[in-house]
Amino acid sequence: MGILDGKTILVAGVTMDSSIGFATAKVAQEQGATVLISNFGRALGITRRIAKRLPETPAVLELDVTDDDHLAGLADQVREHAGADAHLDGVVHSIAYGNPETLLGGKFLGGPWSDVAQALQVSAYSLKSLTMAAKPLMPEGGSVVGLTFDATVSWPAYDWMGVAKAALESTSRYLARELGAEGIRVNLVSAGPLKTLAAKAIPGFEDLEALWSTRAPLGWDNTDHAPTAKAVCALLSDLFPATTGEIVHVDGGFHATGA
Ligand code: NAP
């Protein structure tokens, strides 16, 4: 018996097997879910190859969260792969982008609006876009889970992505407010630093990783995505029926320490 038995889950944002989305798809399958994954653009071919490394090869959908046509066609794509009466019990938003050349790694004061706008659209607004695109297929009891990096404080190097995460965290609370009446929960997992493509693209991200190694009470393995993936799956399951608008920290306890 798995905690996601009988559920269909879309994990959006899987490129490599180092993606948090990949680890989430794996745990979701192990917990009994039927999983679909998505990515966009040139990396779609990589995603299709990587998908074969999951316990069961999932359907791979094309979804650029900034493309209105892709969003409008999402429900049909899911039906194509999961059947005419398909439902989506859970949606995982594992997506972020900020131009590393202009916005990250000590570029805060120079960040141009056009790039900031793109970062906000891809990393925060898209939680709303993706949720609304999936909503026609979501039954009462549905769950949306996104990934953040604690945006209550500023960090070295994280710069405009930190601002985008603050917007994501607020978007999640407003979605929770709007969708609660329909029985749909919206929550985030706030993960500590993990070695992924997105993290590698941030110049100076290793300084954050070093902080975790000394301050996290439980310790922190930045190559182990399983604790984060398990928390996402717990929030997707029926084990958190009265939790929404919440941010669950999976950071070895770092957020609770002052020094
Ligand atoms: P990742 O493997 O690079 O995943 C990010 C995904 O976002 C990629 O699949 C990327 O696709 C996709 N993406 C970018 N723009 C998109 C768009 N317009 N439409 C659809 N998908 C798009 O890195 P990750 O670390 O697993 O990131 C997953 C989530 O976890 C992000 O929200 C990230 O901020 C968050 N997070 C990461 C850490 C960490 O330390 N790694 C910590 C806390 C939270 P392409 O690869 O094709 O660009």
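These figures come from a predicted structure and were not determined experimentally. Read the numbers this way: they start at 1 and go in the same order the structure lists the ligands and their atoms.
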Quick one: nearest non-hydrogen protein atom to [atom], plus distance?
atom: atom 28 (C) of ligand 1; result: S94 OG, 3.1 Å
atom: atom 40 (O) of ligand 1; result: L194 N, 2.7 Å
atom: atom 12 (C) of ligand 1; result: N39 OD1, 4.0 Å
atom: atom 7 (O) of ligand 1; result: I95 CA, 3.4 Å
atom: atom 25 (O) of ligand 1; result: T196 OG1, 2.6 Å

Regarding [X] and [Y], does a basic nitrogen lie under 4.0 Å from an acidic carboxylate oxygen?
X: E209; Y: K195; result: yes
X: K107; Y: D159; result: no
X: K165; Y: E169; result: no

Is the backbone N or O of [Y] less than 3.5 Å from a side-chain atom of [X], with the two atoms forming a donor-acceptor pair by type?
X: W220; Y: P193; value: yes
X: S123; Y: L120; value: no
X: S143; Y: L235; value: yes

Heavy atoms only: which of [options] lies closest to [atom]?
atom: atom 35 (C) of ligand 1; options: L147, L63, L127, L44; result: L147
atom: atom 27 (O) of ligand 1; options: A198, S129, A43, S38; result: A198
atom: atom 38 (C) of ligand 1; options: I202, I37, I20; result: I20
atom: atom 16 (C) of ligand 1; options: F205, Y97, F40, W212; result: F40
atom: atom 32 (O) of ligand 1; options: Q118, H225, K165; result: K165
atom: atom 42 (C) of ligand 1; options: A199, G192, A124; result: G192

Review point. Taking atom OH of Y125 as the centre, does the number of heavy atoms from other residues, nucleotides or ligands within less than 6.0 Å exceed 12?
Key: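 Open.
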Exercise for review: Classify the angle between the aromatic ring planes of H249 and H255 as parallel (below 30°), tilted (30 to 60°) or perpendicular (above 60°).
Suggested key: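 Parallel.
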Point to revise | Side chain to side chain, F22 and M16, heavy atoms closer than 4.5 Å | key: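 Contact flag for F22/M16 side chains = no.
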Check your understanding: Side chains of D251 and D150: closer than 4.5 Å at any heavy-atom pair?
Key ->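 Side chain of D251 against side chain of D150, heavy atoms only: no contact under 4.5 Å found.
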Practice item. For residues W155 and W160, establish whether the separation of their ring centroids is below 6.0 Å. Key: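 No, too far apart.
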Quick check on contacts: which atoms of ligand 1 are under 4.0 angstrom from a heavy atom of [X]?
X: T148; result: 43 (C), 44 (C)
X: L197; result: 3 (O)
X: P193; result: 40 (O)
X: T15; result: 8 (C), 9 (O), 10 (C), 11 (O), 45 (P), 46 (O), 47 (O)
X: D64; result: 17 (C), 18 (N), 19 (N)
X: V14; result: 9 (O)
X: A191; result: 42 (C), 43 (C)

Check your understanding: When you look for heavy atoms under 4.0 Å from ligand 1, do you find them on the side chain of M161, its backbone, both, or neither?
Key ->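 Near ligand 1, M161 shows nothing, with every heavy atom at 4.0 Å or more.
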**Study point:** Location of contacts on V122 toward ligand 1, heavy atoms closer than 4.0 Å
**Key:**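 Answer for V122: side chain.
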Check your understanding: Does a side chain donor of either D115 or T102 reach within less than 3.5 Å of an acceptor in the other side chain?
Key ->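 The answer is yes; a qualifying pair exists.
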